[in-house]
There are 4 protein chains.
Amino acid sequence: MVRVQHGGGAARTKRADARRNEKALLDAAAEVFVASGVDAPVRDIAAAAGVGVGTIYRHFPNRADLITAVYRHQVEACAEAGPALLATEATPYAALVRWIDLFVDFLVTKHGLAAVMQSDGPGFATLHAWFLDRLVPVCNQLFAAAAESGEIRSGLDPYEVMRAVGNLCVGAEGDPRYDARRVVGLLVAGLRTADRPG
Amino acid sequence: MVRVQHGGGAARTKRADARRNEKALLDAAAEVFVASGVDAPVRDIAAAAGVGVGTIYRHFPNRADLITAVYRHQVEACAEAGPALLATEATPYAALVRWIDLFVDFLVTKHGLAAVMQSDGPGFATLHAWFLDRLVPVCNQLFAAAAESGEIRSGLDPYEVMRAVGNLCVGAEGDPRYDARRVVGLLVAGLRTADRPG
Amino acid sequence: MVRVQHGGGAARTKRADARRNEKALLDAAAEVFVASGVDAPVRDIAAAAGVGVGTIYRHFPNRADLITAVYRHQVEACAEAGPALLATEATPYAALVRWIDLFVDFLVTKHGLAAVMQSDGPGFATLHAWFLDRLVPVCNQLFAAAAESGEIRSGLDPYEVMRAVGNLCVGAEGDPRYDARRVVGLLVAGLRTADRPG
Amino acid sequence: MVRVQHGGGAARTKRADARRNEKALLDAAAEVFVASGVDAPVRDIAAAAGVGVGTIYRHFPNRADLITAVYRHQVEACAEAGPALLATEATPYAALVRWIDLFVDFLVTKHGLAAVMQSDGPGFATLHAWFLDRLVPVCNQLFAAAAESGEIRSGLDPYEVMRAVGNLCVGAEGDPRYDARRVVGLLVAGLRTADRPG
DNA sequence: TATGAATGAGTATTCATTCAT
DNA sequence: CATGAATGAATACTCATTCAT
């Protein structure tokens with residue numbers, strides 16, 4: 001009723017405002033996550049976004065919701081890249097390698113995000129599930145293609161490999177002797193068929 | 001004279017008591033670590049050990065000291081196994097594989113310990129350094145032998161590989177679809193020379 | 001429109017509430033300081049004010065901020081009295097004596113506050129500096145005038161004398177045989193020129 | 001009976017040991033007091049003395065006992081200097097000035113000891129009383145002589161003046177602009193008769 | 001009698017979360 | 001709907017004091 005009193009235009013304006021607000025909030029949260037990790041104090045995020053903490057709780061009741069929202073677009077892009085790579089790369093294995101590279105790029109540049117892949121806290125369960133729901137099918141597709149083309153071993157669980165890749169990206173920053181891409185490269189090399197031609 | 005004997009005896013007894021206490025404390029801490037991770041509240045550990053918090057601070061001024069002490073023996077055993085395996089296994093690569101298996105066994109059974117390998121908190125720096133100081137040289141030796149025998153690629157950094165293995169063990173429990181040993185197996189397979197015989 | 005009015009009003013109301021709260025907090029803190037000194041536990045102050053400890057930390061991040069706020073008005077009044085006395089008293093020395101009396105009155109009635117004048121703790125540095133910044137200039141003015149009129153020795157450091165007066169007020173309560181005003185009177189008498197007329 | 005079994009010699013040896021111990025303890029405590037103030041942790045004192053904390057508690061059940069013991073000799077010397085100065089100095093006032101100088105020298109070189117003169121904690125009551133019992137009579141004598149010779153005002157309470165001097169010595173170290181001797185000089189100057197000759 | 005290990009109360013401080021305005 | 005003030009549980013750490021050896 002209140003909405004009716006305000007009229008449709010007002011409601012739309014409101015919604016637009018809310019959206020702008022949410023967008024600003026997500027941008028700010030992303031920055032804070034990079035700087036302080038996904039465990040950053042809620043107040044810091046609110047301050048960075050220029051909103052009150054209450055606003056954050058309204059939009060994202062739990063932290064996982066916020067993290068999910070923050071990275072949704074990027075994860076989305078990563079997910080969509082799978083089929084595309086499969087279509088453009090020379091072989092399914094090449095596509096798989098490229099895709100994993102994208103995944104790694106995504107993870108290592110987000111301080112602390114990789115930890116999400118391993119976190120067992122109940123609050124992160126939703127986020128965890130969301131990541132998997134969105135990316136594992138893509139990964140499945142790539143693995144299936146590469147297995148069918150005989151480029152990688154059969155019997156591999158794409159989920160497990162993704163989880164492994166995620167783990168390898170944890171804490172990659174700040175240690176000059178540890179290069180997540182390099183060790184992921186080793187892992188990916190290990191996927192190849194045991195008795196491949198060369 | 002009695003006093004002198006008593007004094008000496010008392011001193012030794014005292015130390016023995018303290019040592020027993022320390023042992024009980026380490027056992028309790030190990031259990032709490034398994035249940036709640038290495039970040040478990042000091043009070044919980046104290047309660048589990050049946051001592052006051054002061055006693056913990058007396059024996060282990062900071063948390064890293066406690067963690068180090070808790071896992072010292074096991075890490076020690078792991079370190080000592082390296083040369084032994086090199087002597088008994090058929091090839092250096094076989095020894096390396098077995099040794100990494102031991103390392104993984106050690107890590108995956110200790111909830112949260114693997115996190116230590118990646119933790120960047122200043123409080124964990126000492127512990128981190130200790131782990132590396134003790135295990136990296138062993139790892140170096142195994143890698144050198146396997147590289148010399150032509151079983152693995154050259155140019156690998158054992159430290160980096162250990163770090164990767166550590167990461168792969170993070171959060172291994174509680175996820176039935178993720179088997180740290182299996183993914184480490186993939187990584188280790190990736191170490192092999194690119195153009196190995198078979 | 002209603003909303004806009006409400007928004008503005010709400011914001012102002014909020015701030016007013018917070019201010020009221022802060023005032024209550026300051027009053028409570030002042031009382032606790034009198035009863036238990038400026039080192040009183042934060043929790044006691046919070047309890048006395050009927051607020052949570054977090055509220056205190058919100059308003060006054062460190063103890064010095066709280067103490068400063070508690071005594072700001074009184075110190076302010078003391079500072080402002082300097083020039084006024086200079087204008088109304090018969091001679092500069094008389095003004096100085098009266099002003100020091102005010103200062104003493106202020107200090108002796110605040111249990112533990114005088115200790116602030118001597119505290120060397122880093123946390124009190126700000127407070128200490130603030131006290132001095134505000135009062136020393138006033139004191140300088142009074143001393144300069146009294147020196148020019150030939151009523152007191154030259155070469156005195158007003159800061160040092162203030163510090164001395166502050167020290168003389170320490171622990172003045174609770175000892176019936178020690179009267180801060182009396183001993184300060186002795187000190188002030190000692191300021192007079194050595195070869196004054198009478 | 002046990003003592004009888006040990007024999008007189010043994011008992012005497014024991015007592016000698018205990019005395020040596022107590023002496024070492026006092027020396028160590030004095031050093032720690034200078035370094036960290038009279039509120040230094042008991043354990044620090046014990047460590048400095050090379051004894052267990054229990055030993056300190058045995059010899060000095062409360063901190064005040066320890067402080068008293070630590071400074072007993074020096075206070076004693078100060079007390080004894082009073083009559084001596086009265087006998088050797090030209091006038092009673094000169095003796096008084098010299099004696100107060102001694103008192104100040106004693107206080108300012110002992111970090112935190114001066115605080116004892118103002119402390120109202122029950123634990124320090126004994127110490128406080130002891131200081132006064134020993135020094136006030138001496139001070140009385142000096143004041144009486146100086147008053148009789150007409151060099152200082154009459155009606156002064158020596159106790160109060162001592163207390164004031166003690167206060168003026170508080171926090172004297174660490175502030176280059178505050179010189180306890182100087183301000184005590186002002187106070188002492190203020191003691192002179194209001195209408196003295198020159 | 002000396003020791004020092006153990007105790008645990010006391011205190012500061014942070015931060016997620018709620019709710020009146 | 002947004003705000004941010006208020007809350008208070010949680011946790012680390014210190015240190016005086018006791019007591020078994």
Side-chain angles (χ1 to χ4, degrees), chain A residues 2-3 6 14-15 17-18 21 39-44 46-47 50-59 61-63 123, chain B residues 3 6-22 25 39-44 46 49-59 61-63 123, chain C residues 3 6-22 25 39-44 46 49-59 61-63 123, chain D residues 2 14-15 17-18 21 39-44 46-47 50-59 61-63 123:
Chain A
V2 170
R3 202 168 286 199
H6 279 302
K14 275 235 169 130
R15 210 172 276 173
D17 275 8
N21 227 323
D39 291 326
V42 177
R43 196 171 316 229
D44 289 1
V51 303
V53 291
T55 304
I56 294 193
Y57 277 96
R58 164 170 297 274
H59 286 289
N62 24 5
R63 185 182 294 269
Chain B
R3 194 167 290 238
H6 175 61
R12 224 173 304 149
T13 303
K14 212 33 167 315
R15 205 166 284 171
D17 271 14
R19 229 173 259 203
R20 248 195 302 283
N21 221 319
E22 186 170 319
L25 211 158
D39 290 326
V42 176
R43 258 211 262 271
D44 290 359
V51 302
V53 292
T55 303
I56 295 196
Y57 281 99
R58 161 177 290 274
H59 287 286
N62 45 49
R63 186 182 295 269
Chain C
R3 195 168 289 237
H6 176 61
R12 223 172 308 147
T13 303
K14 213 28 166 320
R15 205 166 284 169
D17 271 14
R19 227 171 261 203
R20 247 193 303 284
N21 222 318
E22 185 170 320
L25 212 157
D39 290 326
V42 177
R43 258 212 262 272
D44 290 0
V51 303
V53 291
T55 303
I56 294 196
Y57 280 98
R58 161 177 288 273
H59 287 286
N62 46 50
R63 186 182 295 269
Chain D
V2 169
K14 272 227 171 145
R15 207 171 279 174
D17 275 8
N21 227 320
D39 291 325
V42 176
R43 194 167 321 223
D44 289 0
V51 303
V53 291
T55 304
I56 294 193
Y57 278 96
R58 165 171 296 275
H59 288 290
N62 34 36
R63 186 182 292 268

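Reminder, nothing fancy here: chain letters follow the sequence lines and each chain counts from 1. As the structure is a computational prediction, the values presented were derived from the model and not from experiment.
The NE2 atom of A:His59 sits 9 Å away from the C1' atom of F:dC1 (whole-angstrom rounding). When the C1' atom of F:dT11 is taken as reference, atom CD1 of B:Ile56 falls 13 Å away, rounded to whole Å. The distance between atom CG of B:Asp39 and atom C1' of F:dA12, rounded to the nearest whole Å, is 13 Å. For the pair D:Asp44 CG and E:dG4 P, the interatomic distance rounds to 15 Å; values are reported in whole Å. Computed from coordinates, the B:Arg63 CZ to F:dC13 P distance equals 8 Å when rounded to whole Å. In this entry the distance linking CZ of C:Arg58 with P of F:dA5 reads 4 Å, nearest Å. Between the CG atom of B:Asn21 and the P atom of E:dG4 there is a distance of 16 Å, given to the nearest Å.
In this structure, C:Thr55 does not reach the F:dA5 phosphate: none of its side-chain N or O atoms is under 4.0 Å from OP1 or OP2.
The nearest pair of heavy atoms linking A:Ala46 to A:Gly52 is CB-C, 4.0 Å. Closest heavy-atom contact between A:Ile56 and A:Val51: CG1-CG2, 4.2 Å. Closest non-hydrogen pair, C:Arg63 versus C:Asp39, comes out as NH1-C, 3.5 Å.
Distance check, rounded to the nearest 0.5 Å: CZ of B:Arg58 to CG of B:Asn21 gives 10.5 Å.
DNA chain F is contacted by both A:Arg43 and A:Val51; A:Val51 maps to the nucleotide lying nearer its 5′ end (nearest heavy atom per residue). Remark on DNA chain E: of its neighbouring residues B:Gly54 and C:Pro61, the 5'-side contact belongs to B:Gly54, judged by nearest-heavy-atom nucleotide. Each of B:Tyr57 and C:Glu22 was assigned the nucleotide of DNA chain F with the nearest heavy atom; the assignment lying further toward the 5' end belongs to C:Glu22.
If you check every strand for non-hydrogen atoms under 4.0 Å, A:Val53 touches a base.
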